[in-house]
Undergrad: 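To start, I am sharing the structure in question, which I have written as structure tokens.
FYI, the numbering just counts along the sequence from 1. For clarity, every value in this text was computed on a predicted model and none was experimentally measured. When a ligand or atom number is given, it counts from 1 through the structure's own listing order.
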Amino acid sequence: MMPSSSCSSTSSAFLLSLFLLLSVPILFLLAPRLLPPKTLPSIPSSDETSDLALFRRAILASNSSSASATSLRLPHRRPPKIAFLFLTNTPLHFAPLWERFFHNQSHLFNVYVHADPSLKPPLPPSFSSPSFAGRFIPSKPTQRASPTLISAARRLLAFALLDDPSNAYFALVSQTCIPLHSFDFAYRSLFSRPRRSYIEIVADDPGLYTRYIARGDDVMLPEVPFDRFRVGSQFFALTRKHAVMVVRDRRLWKKFRMPCLRKMRDSCYPEEHYFPTLLDMQDPNGCTGYTLTRVNWTDSVEGHPHMYKPEEVRPELILELRKSNSSYSYLFARKFAPECLDPLMQIADSVILKD
Ligand SMILES: *[C@@H]1O[C@H](CO)[C@@H](O)[C@H](O)[C@H]1NC(C)=O
Ligand SMILES: *[C@@H]1O[C@H](CO)[C@@H](O)[C@H](O)[C@H]1NC(C)=O
Ligand SMILES: *[C@@H]1O[C@H](CO)[C@@H](O)[C@H](O)[C@H]1NC(C)=O
Ligand SMILES: *[C@@H]1O[C@H](CO)[C@@H](O)[C@H](O)[C@H]1NC(C)=O
């Protein structure tokens, strides 16, 4: 070992240059933390990695189950089911109403819940009762104005695809959604018609261009030219074929997963664009172009639709909310304040679930 005194001047010069060398990358590392970031938070890459593994399994399982079904020509012995995908960041206030909706139909549906991990209070016990058979799926944090809501919906789709090959429709609902008809009515209206996805697809919304450039000018190119960019309701009922299509997609996700620019926060609703854009590009004829979930945008504030209050809940409201401009009846509606549970339960059997 060299005695340190014999070369103190060389070593201090060495230390100085080492310090200078190191300080350049350190400055680069610190700069983004000292300046406010230009974009809203992005998706952690560990979340992306675990999602990708789940999606791969779902795609493989769907391929092999459809392959074996066709090669063996097995008759479909089991009836198709509806997978209800609850996306929530609060307790499920309307669980008792949903439970009544699902009553005695357990062979025709499955329930999957993606609850924000920060959700501390337990969900109502009715959701985990054997008759309800609700299941939590492994979840990740979600927040407004970020692609995390897309990830959560894709996670629900992938999980439901893997869980039960009988899942034939995948209906996304939230904690503020309620049913507008009986289960039997909903089931018949989905399965008595040609198998198509119910997702709103709008091409001519006035705010569309601002939303298109929410991540920056031209960044969506070449995958998503503006004339292919669509908007629609976040809440949909997809066919199994389209659920696989969504879980399989990586090309558009690469663009839609980018965080919005901070200054574009008010135009950042990725979940209202990703699904309609993807499905309109890949299979427009397989989509009806409208949603089964009624929402009231009159007097909306900061992107929030009208929230119904208990005093508005009357039989006439349910009848009004069912009406649509097409030959279809709406099956679900949002948004309802948690306090609406009591008045809704009072008209559940006599109005909502009576058909
Ligand atoms: C699944 O099947 C589709 C065609 O139906 C094929 O394009 C795709 O590569 C297959 N994926 C896997 C993971 O096997
Ligand atoms: C459940 O459905 C079966 C037939 O599907 C019926 O016989 C039975 O009465 C129903 N039970 C209840 C509690 O509604
Ligand atoms: C929609 O909301 C507005 C208030 O924002 C209300 O006046 C109107 O009655 C609602 N429409 C329906 C069909 O509930
Ligand atoms: C039906 O269409 C009209 C005009 O486009 C619109 O004002 C109305 O809100 C629509 N009604 C429903 C129930 O969607």
Undergrad: Cationic tip of R248 within the cone over W253's six-membered ring, i.e. under 6.0 Å and within 45° of the normal?
TA: no
Undergrad: Which atoms of ligand 3 have any heavy atom of D299 under 4.0 Å away?
TA: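 Ligand 3 atoms under the 4.0 Å threshold to D299: 4 (C), 5 (O).
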Undergrad: Flag atom 7 (O) of ligand 3 as yes if some protein heavy-atom distance to it falls below 4.0 Å, otherwise no.
TA: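 Answer no: nothing from the protein, no heavy atom, is under 4.0 Å.
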Undergrad: I'd like to know whether D205 forms a salt bridge (Lys or Arg N to Asp or Glu O under 4.0 Å) with R230, so could you lay out the CA-CA distance, the side-chain angles of the two residues, the decisive distance to 0.1 Å, and finally the verdict.
TA: CA-CA 9 Å; D205 188 80; R230 299 287 180 268; over 6 Å; no
Undergrad: Within a distance under 4.0 Å of any heavy atom of N296, pick out the atoms of ligand 3 and give their elements.
TA: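 Answer for ligand 3: 1 (C), 2 (O), 3 (C), 8 (C), 10 (C), 11 (N), 12 (C), 14 (O).
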Undergrad: Is a side-chain donor or acceptor of N110 paired with a backbone partner of K81 at a separation under 3.5 angstrom?
TA: no
Undergrad: How far is atom 14 (O) of ligand 3 from its nearest protein heavy atom, and which residue and atom is that?
TA: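 I find the closest protein heavy atom is Y308 OH, 2.6 Å.
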Undergrad: For Y112 and N167: C-alpha separation, side-chain torsions, deciding distance, then whether side-chain hydrogen bond (donor to acceptor under 3.5 Å, both in side chains) applies.
TA: CA-CA 12 Å; Y112 306 93; N167 285 332; 3.0 Å; yes
Undergrad: Would you call K309 and E339 a salt bridge, using N to O less than 4.0 angstrom?
TA: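 No.
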Undergrad: Is R294 reaching over with its side chain to a backbone N or O of L321, donor-acceptor style, under 3.5 angstrom?
TA: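 Yes: the side chain of R294 pairs with the backbone of L321.
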Undergrad: So is there a nitrogen or oxygen of R294 less than 3.5 Å from a nitrogen or oxygen in ligand 3?
TA: no
Undergrad: With respect to atom 13 (C) of ligand 3, which of E316, E312, H306, E320 exhibits the smallest heavy-atom separation?
TA: E320
Undergrad: Provide the number and element of each atom of ligand 3 under 4.0 Å from a heavy atom of L317.
TA: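 Selected atoms, number and element: 14 (O).
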